[in-house]
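Heads up, the thing below is written out as structure tokens.
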Number of protein chains: 2
Amino acid sequence: MQVPLYQAKAEFFRMLGHPVRIRVLELLQGGPMPVRELLAAIEIEPSNLSQQLAVLRRSGIVTATRSSSTVVYELAGGDVAELLRAARRILTELLAGQEDLLAELRQSEMTGDIA
Amino acid sequence: MQVPLYQAKAEFFRMLGHPVRIRVLELLQGGPMPVRELLAAIEIEPSNLSQQLAVLRRSGIVTATRSSSTVVYELAGGDVAELLRAARRILTELLAGQEDLLAELRQSEMTGDIA
DNA sequence: TGGCGAATTGAAGAACTCTTCAATCCTACG
DNA sequence: CGTAGGATTGAAGAGTTCTTCAATTCGCCA
């Protein structure tokens, strides 16, 4: 097949790059969940949720199964929790760094510093 | 501050969602590296690399320092390796899944199956 | 000071992704 | 059969992100 590897990695991260999709993945870590419940937990229009679920499905990170009139989603496997934990660790540092910068900025505003 | 959390997480992943940026992060795991070397390792126009480096800088995941005429980039901290490892584990499964599908598809083409 | 190499910036158009709408599909039930 | 609820799809416009170009900055050295 030989799809450029960095391309595939980038696509994977882009697939995660949407608040609703992240939220869905976090919710599914508690086990399979019907669309109806996702819809109740995440406040969003049904068609918008469907679009985001379609993105997740296409990537293969979740699977959907229909049980009579409801559709149930679940994680396709893979340790998504570990990934999100690693991301959270870094993000925490980055946000802390930004607060530091912000504090510095406020400081220099008060003292009238140009730098 | 209270920036919506899922928004911040999504932005973080979007920041990772570009082949050149992933490649830079992987290269920087071996230690600080001047732009010139990044440029040699990743084949891309200088201004394009600069744009991608600017995205990484803005997010705070890397820092740049100028030593005379060269600029050296390095990871700002944070366990980026762990994150990329977790991503690779999942991605491996997903790509395996896709190959299975592809194999099925090829199979049905040969047998003339419509489904 | 002038010019050179290294890197960055700004801006413009192409390419992609998001949100929303109306239309559709599917299953169950009256 | 017809209709209703649950979910998905397709398409259009708004909004973002990418790539590329020319222009700029910065430090150096002749």
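Every chain is numbered from 1, with letters handed out A, B, ... down the list of sequences.
- The structure places CG of B/Leu5 at 4.5 Å from NZ of B/Lys9, a figure rounded to the nearest 0.5 Å.
- Within the model, atoms CG of B/Leu95 and CD1 of B/Ile90 stand 12.0 Å from one another, a figure rounded to the nearest 0.5 Å.
- Nearest heavy atoms, B/Ala76 versus B/Thr63: CB-CG2, 4.1 Å.
- Sorted by residue number, the members of residues 29-42 of chain A with any non-hydrogen atom under 4.0 Å from DNA chain D read A/Val35, A/Arg36.
- With DNA chain D read from its 5' end, the first of the two nearest nucleotides for A/Leu53 and B/Arg14 is the one closest to A/Leu53.
- Ion pairing of B/Arg85 with B/Glu82 is present here, as a side-chain N (NZ or NE/NH1/NH2) and a carboxylate O approach within less than 4.0 Å.
- Both B/Leu53 and B/Val71 are part of a single hydrophobic cluster, where members link through side-chain heavy atoms under 4.5 Å apart.
- Residue B/Arg57 places at least one side-chain N or O under 4.0 Å from the OP1 or OP2 atom of C/dT9.
- Near-neighbour residues of DNA chain D inside residues 65-73 of chain A, defined by a heavy atom below 4.0 Å, number-ordered: A/Arg66, A/Ser69, A/Thr70, A/Val71, A/Tyr73.
- For C/dT17, the OP1/OP2 oxygens have no side-chain nitrogen or oxygen of A/Arg21 closer than 4.0 Å.
- Atom CG of A/Leu25 is separated from atom CD of A/Gln52 by 11.0 Å, given to the nearest 0.5 angstrom.
- A/Met15 places its CE atom 17 Å from the C1' atom of C/dC18, with the value rounded to the nearest Å.
- Distance CG/B/Leu83 to CZ/A/Arg88: 12.0 Å, rounded to 0.5 Å.
- When all heavy atoms of B/Tyr73 and B/Leu28 are compared, the pair lying nearest together is O-CD2, 3.6 Å.
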Review item, nucleotides 19-21 of chain D N/O atoms under 3.5 Å of protein N/O:
unit_1: D/dT19; atom_1: OP2; unit_2: B/His18; atom_2: NE2; d: 2.8
unit_1: D/dT20; atom_1: O4; unit_2: B/Gln51; atom_2: NE2; d: 3.2
unit_1: D/dC21; atom_1: N4; unit_2: B/Ser47; atom_2: OG; d: 2.9

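- To the nearest 0.5 Å, the span separating CD1 on B/Ile61 from CZ on B/Arg21 amounts to 11.0 Å.
- Nucleotide C/dT17 holds its P atom 14 Å from the CG atom of A/Leu56, rounded to whole Å.
- Closest approach of A/Ala64 and A/Arg57 over heavy atoms only: CB-CD, 4.0 Å.
- Under the 4.5 Å side-chain heavy-atom criterion for ILVMFWY residues, no single connected hydrophobic cluster contains both B/Val72 and B/Val55.
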